[in-house]
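None of the values given here were measured: they were computed from a predicted structure. Chain letters run A, B, ... following the sequence lines, proteins first, then strands; residues in each count from 1.
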Amino acid sequence: MDIFINNIISLLKDKIPLSVEEIEGLIEIPPDIKMGDYAFPCFAIAKQLRKDPKKVASELSQELVPPAQLSSLGGSDIIIRISAHGPYLNFYVSKNMLFKTVLKGIFSEGDSYGGSDLGKGKTVVIDYSSPNIAKHLAVHHLRSAVIGNAIYNLYKTLGYKCVGINHLGDWGTQFGQLIVAFKRWGSEFEIPSVEDYKKQRTAGETGLDINKLNELYVRFHKEVKSDNSLEDEARDWFRKLEKGSEEAREIWQYFKDISLEEFDRVYKRLGVKFDSYAGESFYNDMLGDTVNRIKDAGLSEISEDALIVNLDKYDMPPCILRKKDEASLYATRDICAAEYRKREYGFDKMIYVVGSEQRLHFKQFFKVLELMGYKWVDDCVHVDFGLIKFKHGKMSTREGKVILLEDLLEESCKIAKEIMEGKNPDLENKAEVANDVGIGAIIFSELSTKRVKDVLFDWDEVLNFDGETGPYVQYTHARLCSVLRKYGEKVTTDIDHDLLREDDELILVKRLEAFPLFILRAAKYYEPSILSKHLLDLCSTFNRYYQHHRILTDDAELRKARIMLVDSIRQVIKNGLSILGLKSPERM
RNA sequence: GCGCCCGUAGCUCAGAAGGAUAGAGCAACGGUUUCCUAAACCGUAGGUCGGAGGUUCGAAUCCUCUCGGGCGUACCA
C-alpha cells in the first residue's frame with residue numbers, strides 16, 4: 001500500500017476512535033492540489049464525539065503539528081504539513097519523496113508499470129466477440145470484441161492467466177435456413193457447389209466472399225414472408241445437422257471456413273486475439289450429457305412438447321433446453337459450454353462480454369447452473385453493454401442493412417492518412433501509422449464511454465480525431481517521443497526532484513501515481529472507459545504543461561528533471577494504450 | 001401489462017461509489033505557430049443534474065413515486 005496513506009493512518013490511529021480500516025476507507029484526494037495531497041473528512045468522528053466537524057478538524061491539526069514532532073511519533077518527513085480546512089484535515093506530502101518514488105518506480109518497471117501479481121495462479125475465462133457465422137462483421141460486432149479484448153488485457157496486466165474464447169455462433173436454426181437458401185438459390189448467387197469449393201480449397205485458393213452468404217441469409221428472410229413452409233424446411237435441416245447428416249455437415253463446414261477467413265482478417269486488423277475458437281457447434285456431442293444431468297437432478301419437465309427448466313419460482317420465463325422438434329437451443333449450449341470450461345480451465349472467474357439485450361438469458365442460465373449445484377456460478381458474470389443504434393432506425397442483418405466493420409475501419413484509416421499528408425508528409429511509414437491511428441480512433445471511441453450506454457452511431461463522431469479521442473492520446477505520445485528524441489541523451493533517474501515544482505508537474509506525477517489504481521478499478525468494474533478517461537486526463541494535463549513550460553530548457557539540471565517526467569508520462573501512456581488495444585506510434 | 005437499463009450544457013459524455021465551488025470534448029464565437037509536432041493550447045458563452053417527494057449535517061450520487069427513451073418478456077442468438 002501507498003507509503004503516504006500508510007503514514008497518515010499511523011499518525012491518526014492513536015488520536016481518533018476509528019480502526020485502521022475505517023481510517024483508510026475515509027481518506028480521500030482533495031479536489032484541488034492547493035488543498036493538499038490527501039484529506040481526512042471529520043464528519044464521522046465528529047458524530048461519534050458529538051462535536052462540530054470543523055472543530056474536530058482544527059483540533060486534530062493542532063495536535064498533529066508541528067511536523068518536527070512527526071519523526072518522534074514514528075513517522076518521518078513524508079508528511080510535511082497538516083492543516084484544517086473546514087471539516088477536512090488536509091495532509092501535504094513531501095513533493096521530493098512523491099516525485100522520487102513515482103518516477104523511479106515507473107522507470108524501473110517500464111512496460112509492466114501499472115500491473116501487479118494480484119491474479120497470480122488464477123485463471124479468467126473471457127467470452128467475447130462471438131459473432132454468427134455466415135454474416136459479415138458489422139459495426140455492432142465491434143463492441144464485444146473491443147471491450148472483451150481490453151478486459152483480457154486488464155486482467156492479464158494484473159497477473160491473471162487469461163483464456164479468450166470466441167464462442168462462435170456456428171450452430172442453431174439459422175444454419176438450417178442457410179442450407180435451405182444455399183440449395184435453392186446458391187447457383188443464382190454464383191456460389192460454388194460444395195464439390196467445387198472443396199476442389200478450390202485443395203488447390204489453395206481462398207474461398208468466396210462472405211457477402212454471398214449474407215445475401216443468402218437476406219434472401220431467405222425475404223422469401224419466408226411469402227412462403228411459411230421454408231421455416232419448417234429450415235428446422236428440418238438443422239435437425240439433420242445436429243443428428244450428423246453428412247450433407248448438412250459439409251455445407252456447414254463450407255460456410256464456416258469462409259466466415260472464419262473473413263473474421264480473421266478483421267480481427268487481425270483490430271488487433272483482437274483469442275485463445276480458443278470453440279463455438280457453439282463444439283459442444284454438440286456433449287449436449288446430451290448436460291441435458292441428462294439436468295434431468296437427473298429433477299430440474300426439467302416437459303411443457304408444450306418442449307423440455308424446459310421451470311423458473312416460475314424465480315419470476316422468470318422457463319429456460320428451454322430442447323424444442324418440440326428435438327433441436328437444442330442456445331441456452332442448452334451455454335450451460336454445456338460453462339460446464340466444459342470449468343472442467344477444462346478450472347477458471348476462478350468467467351466473463352461474458354455480451355450485449356444487454358441478452359440479460360434475461362444470462363439470468364436464466366446462471367440460475368440453472370445454480371440449481372444444478374454449481375457454486376462456481378458465483379464466479380460467472382455477464383458484462384453487458386448497450387446497443388449501437390442508428391439515426392435511420394435499427395440496423396438488421398436480416399434485411400441486409402448494415403455498416404460493415406471493414407468499411408468503417410477502411411474509412412477511418414483513409415481519413416488518418418489524409419490528415420497525415422497535410423501535417424506530416426515526410427513521415428516514412430505513413431501507411432502503417434495511418435493504420436495505427438485510424439484503427440485507434442475506432443477502438444478508443446468504443447472504449448471511452450461507459451459500456452452500459454446505448455450509442456448512436458454517427459460517422460462524424462467516430463471519425464473525429466480532435467479532442468477526447470484515440471488520436472489525441474496517440475498524438476500526445478508522439479509529442480513526448482519527439483521531445484525525447486530532440487533531447488538525444490540517455491534518460492536518467494539521477495535528478496534533483498526539488499526542481500519539479502510547477503503545479504502541473506505535481507498534477508502529472510499524481511496521475512502517474514494513480515495509474516495502477518485505475519487499472520485495478522477498470523478491471524474490477526469490467527469498465528475499460530475508466531482507464532481511457534484517466535489517459536485523457538493525463539494527456540490534457542501534459543498538453544497544457546507542454547504549452548506553458550519549456551522542457552528542453554537551457555538549465556541542464558532542470559532539463560534532466562523534466563525529461564525524466566516526460567519519459568514517465570510516455571511510458572504510462574504507452575502502457576495504457578496497449579491495454580486498451582491501441583498502438584503507440586512514435587511519430588505521426 | 002410486467003421486468004431490467006439509461007435520462008447531467010445545443011450534441012456526445014465524466015463525475016475516485018454520499019462530501020469541499022457540478023467538469024471535459026464536439027459544435028459556436030474570439031485569440032495563440034520567427035519557440036520542444038497547432039491531431040495542440042488559451043479565452044467567451046452555455047446547467048431548475050428529466051420531475052416530485054423522502055433519508056442525511058450534506059444528494060447528480062441512496063429510497064419511493066412519476067414522466068421520457070431503449071431493451072427484454074417459452075421453443076432466434
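Listed nucleotides: B/C13, B/C76, B/C26. Nearest to the side chain of A/Asn464: B/C26. The side chain of A/Gln547 has B/A40 as its nearest neighbour among B/A77, B/C57, B/A40.
A/Tyr546 comes within 4.0 angstrom of a base, heavy atoms only. Within 4.0 Å of A/Ile551, counting heavy atoms only, lies at least one base atom of the nucleic acid.
Rounded to a whole Å, the CG atom of A/Asn543 is 11 Å from the P atom of B/G25. Look at CG on A/Leu520: it is 12 Å from C1' on B/A16, rounded to the nearest Å. If you measure from atom CZ of A/Phe385 to atom P of B/C5, you get 17 Å, rounded to the nearest angstrom. The interatomic distance linking A/His549 (NE2) with B/C41 (P) rounds to 14 Å, in whole Å. Regarding A/Ile388, its CD1 atom lies at a distance of 14 Å from the C1' atom of B/G70, rounded to whole Å. Rounded to whole Å, atom P of B/U37 lies 11 Å from atom CG of A/Leu480. For A/Tyr352 and B/A77, the OH to C1' distance is 14 Å, given to the nearest whole Å. As rounded to whole Å, 8 Å separates atom C1' of B/C5 from atom CG of A/Asp384.
Between A/Val452 and A/Met35, the one whose closest nucleotide on RNA chain B sits nearer the 5' end is A/Val452.
The glycosidic torsion of B/U56 lies more than 90° away from 0, placing the base in the anti range.
Under 4.0 angstrom from either OP1 or OP2 of B/U37 there lies at least one side-chain N or O belonging to A/Lys486. At the phosphate of B/A38, OP1 or OP2 sits under 4.0 Å from a side-chain N or O atom of A/Arg479. In this structure, A/Tyr472 reaches the B/C41 phosphate: one of its side-chain N or O atoms is under 4.0 Å from OP1 or OP2. Distances shown here put a side-chain N or O of A/Lys450 below 4.0 Å from the OP1 or OP2 atom of B/G15. For B/G7, one of the phosphate oxygens OP1 or OP2 lies less than 4.0 angstrom from a side-chain nitrogen or oxygen of A/Lys453. Proximity of A/Ser356 to the phosphate of B/C71: no side-chain N or O atom is located under 4.0 Å from OP1 or OP2. For A/Arg333, a side-chain nitrogen or oxygen approaches OP1 or OP2 of B/A77 to under 4.0 Å.
Rounded to the nearest Å, the gap between the P atom of B/A16 and that of B/U73 is 34 Å. Between the P atoms of B/U56 and B/A9, the separation comes to 30 Å (whole Å).
You'll find the side chain of A/Lys47 stays beyond 4.5 Å of the side chain of A/Phe43, heavy atoms only.
For the pair A/Arg81 and A/Tyr92, the cation-pi criterion (under 6.0 Å, within 45° of the ring axis) is fulfilled.
Shown are A/Leu158, A/Ile530, A/Leu154; of these, the side-chain contact (heavy atoms from CB on, under 4.5 Å) with A/Leu520 is made only by A/Leu158.
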